[in-house]
A.B. asks: 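Structure incoming, see below.
Not measured: the values here are computed from a predicted model. The figures that follow rest on heavy atoms only: side chains count, while hydrogens, waters and symmetry mates do not.
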Amino acid sequence: MPTEEEVRQRQWTEQERLELAAKMDEELDEFINGLEKKRYEEGWPEDRWQEEMDKHPFFMKKEPQPGDEIHPMFEGLQKLKYDPEENTCEELALNYKEDGNFYMKHKKFRMAVYSFSEGLKAKCEKPEVLAVLYNNRSAAQYFLKNYRSSLADAQKALEYKTDYAKARWRAAQCAYQLERFDVCTELCEQILENDVDNKEAQELLKKNKAKKLDLERNKRKEMALEKKRIQRFQSLLNALEERKIKYDDIKPGKPITDEILKPKFLALEDYPVHLDDDNKTLIWPAAFSYPEFLYSDYQQQLSEEATMLDVLDSLFAEPLPMDNNGSYGVDKVNVYYENRKVGCVHKIKLEKTIKEIINEKSFFVTGGSLLFYIVPKDSHVEQKFIHEERRGLIK
């Protein structure tokens with residue numbers, strides 16, 4: 001190939017120029033093709049180009065997560081942004097405020113609370129900066145429904161900036177949610193002093209007043225009901241004491257409570273002994289056991305004025321399902337109660353009322369309920385029941 005000097009001095013025909021240009025184009029193509037075969041190793045891999053770009057501090061769209069490899073430049077930027085030696089107290093506070101605002105924008109309210117808290121720890125003394133940090137943290141707490149913390153922060157913001165409208169409005173909302181009605185009223189009135197046409201404050205003031213009245217009304221009702229309940233319970237205790245009711249599972253002298261009077265039988269537990277509407281007659285929960293079948297009937301509300309005959313009429317209004325021999329009926333059975341303290345049973349006169357039966361010296365209330373046993377008259381079942389040595393076997 002001719003040298004540059006030869007090319008410059010030589011007189012070229014048009015044909016020679018075209019041939020030389022074609023040869024130079026061919027050599028350039030060969031050079032470029034040779035470059036494509038050599039892989040560039042120092043750049044980002046083509047298949048991970050976007051991933052690598054997202055890791056670069058200048059292009060990343062989200063901060064590194066725990067466990068991620070951190071770019072050295074990111075660590076440097078972090079140090080520049082948060083190092084107390086590189087920033088003033090005000091700069092640190094504002095940097096954390098920016099972080100908090102970013103988290104608020106993306107609805108990461110817990111992280112926002114953390115960022116604004118770190119900003120407050122920077123010990124910036126400028127009231128306007130502190131007011132903003134407290135106000136913004138109040139907003140984050142509000143969205144987390146931490147109304148008590150939100151109210152405290154909003155009130156703190158108002159200490160540093162008394163005319164902070166956003167903080168005052170949020171404080172009013174929190175006070176309403178916390179049912180601190182007087183605080184809410186005061187804050188709403190302050191808002192309306194500066195903005196008489198503020199529709200939101202007017203509406204909240206009305207809601208606050210209505211809610212306060214409702215709660216006060218409900219509280220009075222609850223207090224009246226509680227007073228009535230206490231009076232009824234005391235009347236019940238007086239009636240039990242007047243009738244000298246005895247319990248085989250309550251130590252003498254132990255105070256009687258609602259829990260003690262609650263029946264232990266599952267079918268009766270929602271029907272404890274109580275007085276009727278006239279406060280004169282005791283209404284008892286009662287269980288009637290059939291030892292022959294290991295089966296029980298229940299009377300959830302048995303008046304003490306009813307006789308045992310009345311009870312049997314009710315129990316045998318329909319035949320007993322397991323009574324295949326027709327052995328059970330009003331005039332075919334005897335009824336007993338057990339004195340577990342001495343281990344004996346007592347036959348009941350069917351003409352007696354429940355009140356008279358309970359008043360017998362040997363009768364004891366068991367597990368908050370009346371317990372009776374029903375057996376066929378003059379039967380083997382009755383004899384076995386009466387002479388059963390181990391009274392604890394009778395359920």
Side-chain angles (χ1 to χ4, degrees), residues 224-291 296-317 330 333-375 385-386 391-392 394-395:
L225 288 173
E226 179 63 13
K227 183 178 180 181
K228 186 175 180 180
R229 188 196 68 80
I230 292 173
Q231 290 174 342
R232 286 186 63 82
F233 188 71
Q234 186 57 52
S235 297
L236 173 63
L237 295 180
N238 293 340
L240 295 173
E241 184 178 356
E242 179 185 326
R243 291 160 176 75
K244 296 181 171 52
I245 304 299
K246 301 174 292 297
Y247 302 86
D248 61 9
D249 53 356
I250 301 178
K251 293 181 180 179
K254 183 177 180 179
I256 297 177
T257 63
D258 285 327
E259 188 59 31
I260 288 176
L261 292 179
K262 184 177 181 179
K264 304 305 183 287
F265 294 103
L266 185 61
L268 301 173
E269 63 179 0
D270 294 328
Y271 300 91
V273 60
H274 59 279
L275 285 166
D276 65 2
D277 294 337
D278 294 330
N279 262 14
K280 295 179 179 179
T281 304
L282 285 176
I283 308 298
W284 286 95
F288 297 86
S289 177
Y290 301 90
S296 295
D297 269 328
Y298 298 98
Q299 293 276 315
Q300 295 171 334
Q301 301 191 62
L302 179 58
S303 170
E304 67 177 352
E305 300 297 336
T307 66
M308 188 55 71
L309 278 173
D310 295 330
V311 176
L312 294 178
D313 279 334
S314 175
L315 292 176
F316 299 126
V330 176
V333 298
N334 283 324
V335 182
Y336 292 81
Y337 65 80
E338 179 187 15
N339 185 329
R340 294 195 296 177
K341 289 185 176 294
V342 296
C344 65
V345 295
H346 299 267
K347 186 165 69 172
I348 295 171
K349 291 183 179 180
L350 302 184
E351 296 80 11
K352 282 191 172 184
T353 64
I354 298 300
K355 183 176 181 179
E356 290 172 330
I357 296 169
I358 294 174
N359 196 46
E360 292 182 6
K361 185 178 180 179
S362 53
F363 188 93
F364 288 82
V365 175
T366 300
S369 307
L370 310 182
L371 177 57
F372 301 101
Y373 299 90
I374 301 176
V375 294
F385 172 77
I386 293 173
R391 302 311 308 168
I394 300 176
K395 303 296 182 183

A.B. asks: Taking the side chain as every heavy atom from C-beta outward, state whether L275 and L282 have any pair of such atoms under 4.5 Å apart.
C.D. replies: yes

A.B. asks: Are any side-chain N or O atoms of R232 and backbone N or O atoms of N279, one a donor and one an acceptor, separated by less than 3.5 Å?
C.D. replies: no

A.B. asks: In Å and rounded to the nearest 0.5 Å, what is the CG to CD1 distance from L240 to I256?
C.D. replies: 6.0 Å

A.B. asks: Tell me if the NZ atom of K349 is crowded by more than 12 foreign heavy atoms within 6.0 Å.
C.D. replies: no

A.B. asks: Taking S362's backbone N and O only, do any of them form a donor-acceptor pair with N339's side chain (distance below 3.5 Å, no angle check)?
C.D. replies: yes

A.B. asks: Using only atom types and a distance under 3.5 Å, with no angle test, would you say the side chain of D276 pairs donor to acceptor with the backbone of K280?
C.D. replies: yes

A.B. asks: Do N238 and E242 get their side chains close enough for a donor-acceptor pair, meaning under 3.5 Å?
C.D. replies: no

A.B. asks: Between CG of L315 and CG of D310, what distance do you get to the nearest 0.5 Å?
C.D. replies: 11.0 Å

A.B. asks: Give, for atom CD of E304 and atom CD1 of I354, the distance between the pair rounded to the nearest 0.5 Å.
C.D. replies: 9.5 Å

A.B. asks: I need the full list of ring pair (Phe, Tyr, Trp, His ring centres under 6.0 Å) pairs touching residues 266-288, with sequence neighbours left out, sorted by first then second residue.
C.D. replies: F288-F372

A.B. asks: Test your reading of the model: is there a side-chain donor-acceptor pair from Q299 to the backbone of A286, 3.5 Å cut-off?
C.D. replies: no

A.B. asks: Would a 4.5 Å heavy-atom cut-off, applied to side chains only, mark P263 and P272 as touching?
C.D. replies: yes

A.B. asks: Do V365 and L370 have side chains that get closer than 4.5 Å, going by heavy atoms?
C.D. replies: yes

A.B. asks: Work out which heavy atom in L236 is nearest to a heavy atom in V273; give both atom names and the distance.
C.D. replies: CD2-O, 3.5 Å

A.B. asks: Does a donor on one side chain and an acceptor on the other come within less than 3.5 Å for N359 and R243?
C.D. replies: no

A.B. asks: Within a 6.0 Å radius of atom CD on E241, are there more than 12 heavy atoms belonging to other residues, nucleotides or ligands?
C.D. replies: no

A.B. asks: Any idea which heavy atoms bring F265 and T366 closest together, and the distance?
C.D. replies: CE1-O, 4.5 Å

A.B. asks: Quick one: salt bridge (Lys or Arg N to Asp or Glu O under 4.0 Å) partners of D258, sequence neighbours excluded?
C.D. replies: R229

A.B. asks: Quick one: side chain to side chain donor-acceptor pair (under 3.5 Å) partners of D249, sequence neighbours excluded?
C.D. replies: none

A.B. asks: What heavy-atom pair brings K361 and K246 nearest, and what distance separates the two atoms?
C.D. replies: O-CE, 3.1 Å

A.B. asks: Which heavy atom in K352 sits nearest to a heavy atom in E356, and how many Å separate them?
C.D. replies: CA-OE1, 3.3 Å

A.B. asks: For the OG atom of S314 and the CG atom of D297, what is their distance to the nearest 0.5 Å?
C.D. replies: 8.5 Å

A.B. asks: For the pair Y337 and F363, name the ring-plane relationship: parallel under 30°, tilted 30 to 60°, perpendicular over 60°.
C.D. replies: perpendicular

A.B. asks: Taking side chain as C-beta onward, heavy atoms only, is L312 less than 4.5 Å from I374?
C.D. replies: yes

A.B. asks: Does some side-chain heavy atom of L268 sit less than 4.5 Å from a side-chain heavy atom of Q300?
C.D. replies: yes

A.B. asks: Can you find a pair of side-chain heavy atoms, one from E338 and one from Y373, that are under 4.5 Å apart?
C.D. replies: yes

A.B. asks: Measuring from S235:OG to I230:CD1, what's the distance to the nearest 0.5 Å?
C.D. replies: 12.0 Å

A.B. asks: Show the nearest heavy-atom pair for residues T307 and L350, with the distance to one decimal.
C.D. replies: CB-O, 3.9 Å

A.B. asks: Quick one: does M308's side chain get under 4.5 Å of I357's, heavy atoms only?
C.D. replies: yes

A.B. asks: Can you tell me how far CG of L237 sits from OG1 of T257, rounded to the nearest 0.5 angstrom?
C.D. replies: 9.5 Å

